[in-house]
Amino acid sequence: MNQYARIYRDALLNDVVPFWEKHSLDREYGGYFTCLDREGKVFDTDKFVWLQGRQAWTFAMLYNKVEKNPAWLESSRLGIDFLKKHGMDEEGNFYFSLDRKGSPLVKPYNIFSDCFAAMAFSQYGQASGDQESLDLAVSTFNNILERQHNPKGKYSKIISDTRTLKGFSLPMILSNLCLELEPLLEKSLVEKTIDACVKEVMEVFLDRESLMVYENLLEDGSLSDSFEGRLINPGHGIEAMWFMMDIAKRRGDKALATLAKDVTLNLLDYGWDKEFGGIFYFLDRKGHPPQQLEWDQKLWWVHLETLVALAKAYQMTGDAACMDWFEKVHNYSWKHFADPEFGEWYGYLNRRGEVLLQLKGGKWKGCFHVPRGMFQVWRTLDSCD
């Protein structure tokens with residue numbers, strides 16, 4: 001395990017973090033550039049609020065959990081101050097995107113901007129002792145809970161009387177977000193939220209017979225025979241399983257850990273491209289053509305979250321199949337996603353594993369999945385010996 005732990009530690013500290021420190025910090029207007037080409041050059045200056053929150057969280061997390069490096073705390077503050085000044089509308093909801101100076105571009109239709117802002121405020125507040133950030137973390141979390149059953153609110157395009165679906169993403173994210181904010185929340189709220197998330201993830205969206213995790217269900221929890229209802233995102237389900245493993249570890253729940261491990265292995269086997277390797281992005285449960293044109297692409301975050309889940313599953317259950325799969329996913333990922341010449345990881349490969357886009361960051365990829373994944377794998381495997 002030490003061999004792999006060293007690989008992920010060294011890549012995190014000597015490659016990935018320096019890449020973002022060097023290229024993404026906007027010291028003139030605050031916040032971060034995320035649209036970076038292969039070499040790290042900025043190709044667009046718009047700022048996507050959920051990525052601003054993710055990056056501010058990343059640097060504060062490193063400060064709290066790796067080393068009290070003042071430069072990391074300052075890098076986090078750059079994003080925190082930008083979010084405080086520009087990120088919210090008058091109701092406290094977070095915009096989706098801003099221009100470089102912080103003027104809003106896209107309205108707050110996406111509750112995930114709020115989720116990652118709450119994570120950032122919590123982690124930075126705990127690192128710096130800034131009470132305003134801690135208060136914002138709690139108020140934003142409470143606002144998310146109030147909006148959770150209608151997250152898009154007035155921005156929803158759905159005709160609610162015909163086929164109303166509920167999505168897997170929010171209960172999944174809440175299960176991790178609640179643990180992130182646990183030191184700031186009342187114990188009863190933490191337990192109530194975790195209980196609800198575990199039920200939604202492991203009893204509603206998870207089909208216990210097939211061990212498949214569905215992305216969308218009808219409001220009553222039943223399956224919808226539609227392209228949204230048949231949608232499987234293997235990486236999403238696997239990411240949720242390591243959130244469940246963290247809850248299982250916190251609660252000493254061996255049964256939950258074992259089930260999460262079994263689901264991880266099942267989704268991985270289902271989603272693995274038997275011809276070219278790597279994990280498919282989207283699949284249709286009945287084998288119909290997926291409606292997402294990018295269905296067969298291989299994405300960075302899917303593989304990193306899978307590596308985290310496999311490391312945690314091995315740590316908690318000792319199942320050798322987890323380490324066998326870890327080595328397989330590790331070898332594929334480092335062969336295809338890593339860029340030893342200019343640093344960091346590519347985000348998007350075609351089905352054959354060839355680089356599809358040479359960017360290192362954009363509207364969807366920022367300073368989050370790569371550093372978080374490497375940190376989690378490093379620390380998890382380090383504790384296995």
Side-chain angles (χ1 to χ4, degrees), residues 30-31 47-58 60-61 76-77 79-98 102-158 160 164-201 219 240 243 247 366 368:
K47 293 171 180 174
F48 306 96
V49 172
W50 70 322
L51 296 184
Q52 299 295 304
R54 284 177 162 192
Q55 185 158 345
W57 173 87
T58 297
M61 181 276 293
S76 179
R77 186 192 63 77
I80 293 295
D81 288 350
F82 189 78
L83 286 171
K84 287 179 180 178
K85 187 174 182 180
H86 303 292
M88 292 171 278
D89 68 7
E90 63 279 359
E91 297 175 356
N93 300 319
F94 284 81
Y95 296 108
F96 179 74
S97 64
L98 315 167
S103 297
L105 294 171
V106 178
K107 293 179 179 181
Y109 77 94
N110 190 323
I111 201 170
F112 299 110
S113 295
D114 304 65
C115 292
F116 293 108
M119 282 176 60
F121 289 136
S122 174
Q123 199 71 227
Y124 177 78
Q126 293 177 67
S128 64
D130 177 42
Q131 190 60 47
E132 182 186 11
S133 292
L134 297 173
D135 292 342
L136 274 170
V138 174
S139 63
T140 303
F141 181 77
N142 289 331
N143 189 33
I144 292 165
L145 292 183
E146 290 178 9
R147 295 172 57 196
Q148 65 180 311
H149 299 298
N150 185 22
K152 292 194 175 183
K154 62 185 178 182
Y155 303 111
S156 177
K157 300 177 182 178
I158 301 299
S160 60
T164 304
L165 298 172
K166 62 178 184 177
F168 175 66
S169 299
L170 191 53
M172 166 202 166
I173 290 292
L174 273 175
S175 65
N176 178 252
L177 180 60
C178 189
L179 294 185
E180 280 283 330
L181 271 69
E182 182 173 5
L184 314 182
L185 303 174
E186 292 183 4
K187 183 177 180 181
S188 59
L189 178 60
V190 172
E191 298 303 331
K192 178 182 177 182
T193 304
I194 290 175
D195 285 343
C197 290
V198 172
K199 182 176 181 179
E200 283 290 293
V201 171
E219 283 193 317
F243 295 166
I247 291 172
F368 183 67

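For reference, positions follow the sequence shown, starting with 1. Only heavy atoms go into these numbers, but all of them, side chains included; no hydrogens, no water, no symmetry mates.
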For a 4.5 angstrom cut-off between non-hydrogen side-chain atoms, does [X] reach [Y]?
X: Met88; Y: Pro108; value: no
X: Leu181; Y: Val190; value: no
X: Glu132; Y: Asp135; value: no
X: Ile144; Y: Thr140; value: yes
X: Asp89; Y: Tyr95; value: yes

Point-to-point distance, once rounded to the nearest 0.5 Å, from [atom1] of [X] to [atom2] of [Y]:
X: Leu174; Y: Phe243; atom1: CG; atom2: CZ; answer: 11.0 Å
X: Met172; Y: Leu177; atom1: CE; atom2: CG; answer: 12.0 Å
X: Gln148; Y: Lys166; atom1: CD; atom2: NZ; answer: 10.5 Å
X: Glu186; Y: Glu191; atom1: CD; atom2: CD; answer: 12.5 Å
X: Asn110; Y: Asn93; atom1: CG; atom2: CG; answer: 11.5 Å
X: Lys192; Y: Cys197; atom1: NZ; atom2: SG; answer: 12.0 Å

For residues [X] and [Y], report the shortest heavy-atom separation together with the two atoms involved.
X: His86; Y: Leu98; result: O-CD2, 3.8 Å
X: Tyr109; Y: Lys152; result: O-CG, 3.4 Å
X: Ser133; Y: Ile80; result: OG-CG2, 3.7 Å
X: Leu184; Y: Ala137; result: CD1-CB, 3.9 Å
X: Phe94; Y: Leu83; result: CE2-O, 4.5 Å
X: Cys178; Y: Thr193; result: SG-CB, 3.8 Å

Let's go through Asn176 and Glu180 carefully: what are the C-alpha distance in whole Å and the side-chain angles of both, what is the deciding distance for side chain to side chain donor-acceptor pair (under 3.5 Å) to 0.1 Å, and is it a yes or a no?
CA-CA 6 Å; Asn176 178 252; Glu180 280 283 330; 4.9 Å; no
Give a yes or no on whether the backbone of [Y] and the side-chain of [X] come within a donor-acceptor separation of less than 3.5 Å.
X: Ser76; Y: Ala56; value: yes
X: Gln126; Y: Ser122; value: yes
X: Gln52; Y: Val49; value: no
X: Ser139; Y: Leu136; value: yes

Does the pair Phe141 and Leu185 meet the rule for a side-chain contact (heavy atoms from CB on, under 4.5 Å), with working shown?
CA-CA 9 Å; Phe141 181 77; Leu185 303 174; 3.6 Å; yes
Ring pair (Phe, Tyr, Trp, His ring centres under 6.0 Å) partners for Phe116, two or more places apart:
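Listed in chain order: Phe368.
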Tell me the salt bridge (Lys or Arg N to Asp or Glu O under 4.0 Å) pairs involving residues 107-125, sequence neighbours left out?
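Every pair satisfying salt bridge (Lys or Arg N to Asp or Glu O under 4.0 Å) with a residue in residues 107-125: Asp114-Arg147.
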Does Phe168 form a side-chain contact (heavy atoms from CB on, under 4.5 Å) with Val201? I'd like the steps, not just the answer.
CA-CA 7 Å; Phe168 175 66; Val201 171; 3.9 Å; yes
Taking atom CD of Gln131 as the centre, does the number of heavy atoms from other residues, nucleotides or ligands within less than 6.0 Å exceed 12?
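Enclosed.
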